[in-house]
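Each chain gets a letter, A, B and so on, in the order the sequences are listed, and its residues count up from 1.
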There are 2 protein chains.
Amino acid sequence: MRFEAFSSSELAAYLRGIPAVHARLGDDSELQVVEVGDGNLNYVYYVSSARDPQRSVVVKQAPPFLRLVGEGWPLPRERMEREVAALRRFGALCPQHVPRVYHADSEKFLIVMQRLDSHRVLRQGLIDGIVYPHLADHVSTFLARTLFHGSDLYLAPDAKKAAVGGDINTELCRITEDLVFTFPFEDDPSNVYSPALPAAAVERLRTHEPLRRAVGEMKWAFMNHAETLVHGDLHTGSIMANERETYVIDPEFAFYGPMGFDTGAFIANLLLACYARDWHDRVAGRDPAVYQRWLLEQVAQVWHGFAEKFAGLWRMHERETGRAYIGGPADTRAAEAFREDFMRRLLADTLGFAGCKMIRRIVGMAKVAEITGIKDEVVRARVEMRCLRLAEALLVQRRELASIGAVAALAAQVLAEPVEA
Amino acid sequence: MRFEAFSSSELAAYLRGIPAVHARLGDDSELQVVEVGDGNLNYVYYVSSARDPQRSVVVKQAPPFLRLVGEGWPLPRERMEREVAALRRFGALCPQHVPRVYHADSEKFLIVMQRLDSHRVLRQGLIDGIVYPHLADHVSTFLARTLFHGSDLYLAPDAKKAAVGGDINTELCRITEDLVFTFPFEDDPSNVYSPALPAAAVERLRTHEPLRRAVGEMKWAFMNHAETLVHGDLHTGSIMANERETYVIDPEFAFYGPMGFDTGAFIANLLLACYARDWHDRVAGRDPAVYQRWLLEQVAQVWHGFAEKFAGLWRMHERETGRAYIGGPADTRAAEAFREDFMRRLLADTLGFAGCKMIRRIVGMAKVAEITGIKDEVVRARVEMRCLRLAEALLVQRRELASIGAVAALAAQVLAEPVEA
């Protein structure tokens with residue numbers, strides 16, 4: 001099956017033939033097609049009724065190659081199938097935070113879904129300093145509901161094992177294995193270092209043993225710990241939000257992996273956003289401390305919200321079935337002690353993965369706009385140094401940092417320390 | 001496909017039609033068929049040429065139900081396919097310690113393989129006090145070669161992921177999940193307690209929080225950590241040995257699981273054998289200390305041999321590819337530090353799984369002959385108490401027990417302590 005991008009008129013004609021989409025867009029014979037999206041991986045279109053622009057959908061076409069490079073960088077066509085399956089699964093578990101899928105066509109590498117027209121990509125919103133009053137609550141709900149219900153804590157063993165076998169996502173996992181856990185720690189040609197970043201900081205990523213040991217352990221966990229269906233790429237660019245609503249998009253990296261990979265990805269991106277304020281607020285003539293404090297509060301709140309909701313779902317399930325995961329009746333002290341251990345280990349995993357995700361955004365190929373947008377090279381390097389310093393501490397001290405409060409305090413401390421760059 | 005057990009003449013006729021088997025047994029028109037085996041799960045036959053009894057094979061027929069109970073306890077027919085696949089895989093990696101498969105027929109639930117006629121089941125050999133001079137060397141070779149080559153340390157990510165998806169073994173994993181990690185720690189009707197075992201010891205398995213937390217963590221690891229193709233049931237009844245050779249048999253429980261489950265199973269069974277000597281040697285008028293010391297030496301030697309060979313295969317692979325699992329070139333200090341951490345964690349896993357395997361053999365449904373064979377109820381209960389005490393210590397202290405020497409010392413200490421039963 002060769003991929004061909006639709007022209008606007010071809011896309012409009014195609015969509016008119018799909019009853020579910022037609023119902024959504026109405027009888028209007030004219031459809032407006034506008035291409036949007038960052039264009040690295042996919043083609044994304046807004047399609048709306050010319051007569052009633054409120055009636056609209058988003059169409060995402062994922063070619064079997066990296067759009068940025070072309071057919072020379074093939075991507076598996078299964079990624080669209082994985083994305084559709086994950087959107088449907090997450091949507092069933094948490095409909096309030098996942099866009100609805102109206103139609104999917106794996107022959108055409110295409111998916112038609114709910115348009116989020118009053119929402120913006122969260123990363124951009126954070127760059128603009130927007131306060132989202134419900135963000136931590138919404139994201140923690142998404143995390144708790146999806147991570148719990150895909151795991152052995154909820155699913156019967158046969159259903160879980162079938163899901164593990166069905167959700168293998170080899171090619172996109174390989175991208176993460178390489179770009180998050182391997183290339184940033186070696187002299188790989190895909191790495192991109194910002195001009196003023198001291199060579200010693202790069203050297204440290206390759207040679208500092210406690211860091212390398214910790215990253216190796218996280219890589220092993222990523223590749224082996226098939227705990228639940230994770231989103232697999234839950235950074236702030238995979239979230240669309242406004243002040244009332246929050247949606248998680250783009251789960252094409254979804255696979256059975258460690259829960260902490262999703263919680264860690266989100267927290268890592270809050271921390272990157274926090275450290276980047278030193279530039280964005282100062283050029284806007286604002287004190288960065290205010291929004292930085294809000295961002296660190298979100299780190300604590302999303303973890304607290306997640307931990308409480310996850311443990312709550314777990315307790316409720318054990319009460320309903322009358323049986324604890326560890327055996328014996330629900331509500332014993334032993335069952336609760338195991339749950340506390342579990343959440344502690346999950347926090348340690350979260351911090352380890354957060355550290356890896358921060359480092360790859362500083363020295364790896366794929367950057368984040370809040371940092372690449374820092375025009376002053378020296379300021380940017382200072383921000384990057386702080387990110388690396390915090391990431392290393394999160395990785396190396398992940399089991400000692402016994403609470404998310406201690407994490408937020410550590411992040412504040414690293415933010416206050418001088419860096420030389 | 002209904003299962004029907006062969007009569008001797010039907011089996012002989014069937015085997016004559018299989019060229020690979022025919023070549024093995026020779027042209028002799030008469031085949032001798034003798035049923036052997038414990039009969040709980042499978043039908044096992046020795047088939048030999050009447051003219052030249054040296055020419056012989058073993059035939060294992062695995063009905064799709066528990067033979068002991070009948071069709072009322074169905075077992076998946078896939079277990080024979082899993083066993084054949086694992087025998088072939090392990091045989092390719094370690095031919096000197098795995099019986100050759102001559103023929104497999106999944107329609108007939110049947111496998112024809114190398115007859116080990118001068119070998120005995122290791123458990124029985126240990127009950128008889130036989131010293132196997134090469135046992136630790138052979139078993140550690142098997143463990144190192146199989147556990148390493150199925151993992152991400154060796155396989156390319158796509159090959160590993162395909163193997164994980166292909167080796168899912170739901171029904172037999174469920175048996176382990178229930179019988180090893182769950183039922184022994186609750187009031188399950190399948191548990192069998194020996195008459196003189198104090199009620200307090202049973203109660204402790206259900207209520208002692210540090211133990212329950214540790215067992216819960218091992219259960220989670222068993223169900224989630226898809227590290228390598230493990231044998232899955234590597235007790236001393238799954239090994240056939242004489243003083244020169246050692247073969248690993250019966251890998252029907254094979255699946256992608258944690259490495260420590262195999263190393264732990266073997267060590268657990270050495271420890272059970274060790275503690276049971278108090279009866280077997282005393283009734284034979286021997287000092288148990290001599291063979292107990294030999295058994296504890298095997299615990300240390302099998303781990304040392306395994307750790308050295310596993311790390312050696314790993315180093316060699318990294319040198320050959322020029323690349324470390326954690327990224328960067330082979331032979332860096334960071335790569336070696338990660339390897340040391342890995343082996344430490346693997347020892348902790350080994351001890352945790354060993355503890356679970358010991359406990360299930362004391363209070364669970366499936367017992368071991370060296371303990372059920374103790375006729376004196378009070379002596380048996382004392383042996384069982386010691387096994388439970390050591391198992392608990394292995395589980396709870398698994399991360400503090402920093403070397404296998406410390407484990408052997410602990411085992412010797414528990415052996416020397418008085419127990420009341």
query = Side chains of Ile326(B) and Glu217(A): closer than 4.5 Å at any heavy-atom pair?
reply = no

inquiry  = Does any part of the side chain of Lys161(B), heavy atoms only, come nearer than 4.5 Å to the side chain of Phe255(A), both counted from C-beta?
reply    = no

note = For Asp341(B), the side chain to side chain donor-acceptor pair (under 3.5 Å) test, sequence neighbours excluded, returns Arg213(A), Arg344(B)

request  = Using a cut-off of 6.0 Å, state whether more than 12 heavy atoms not belonging to Tyr193(B) lie near its atom OH.
outcome  = yes

query = Closest approach of Ala337(B) and Glu209(A), non-hydrogen atoms and distance?
reply = CB-OE1, 3.4 Å

ask   = Given side chains that start at C-beta, do those of Glu186(A) and Arg323(B) come closer than 4.5 Å, heavy atoms only?
value = yes

message = So which residue, Arg206(B), Glu177(B), Glu171(B), ends up with the most heavy-atom pairs under 4.5 Å with chain A?
response = Glu177(B)

note = Nearest heavy-atom approach of Asn224(B) to Glu227(A) is OD1-CA, 3.1 Å

task = Pick whichever of Asp158(A), Val215(A), Asp187(A) has the most heavy-atom pairs under 4.5 Å with chain B.
result = Asp158(A)

request  = Give the member of Gly165(B), Ala162(B), Gly328(B) that has the highest number of heavy-atom pairs under 4.5 Å with chain A.
outcome  = Gly328(B)

task = Identify which part of Phe183(B) has an atom lying under 4.5 Å from any heavy atom of chain A, answering side chain, backbone, both or neither.
result = side chain

Value rounded to 0.5 Å, distance of NZ in Lys219(B) from OH in Tyr325(A) = 5.0 Å

task = Quick one: which of Glu336(A), Arg174(A), Arg333(A), Arg339(A) has the most heavy-atom pairs under 4.5 Å with chain B, could you say?
result = Arg333(A)

key: Option that, when pairs with chain A are counted at under 4.5 Å, heavy atom only, ranks first among Ala214(B), Ala221(B), Ala226(B)   = Ala226(B)

ask   = Of the backbone (N, CA, C, O) and the side chain (C-beta and beyond), which part of Leu211(B) lies under 4.5 Å from a heavy atom of chain A, both, or neither?
value = neither

message = Minimum heavy-atom separation for Phe338(B) and Gly216(A), please, with both atom names.
response = CE1-C, 3.3 Å

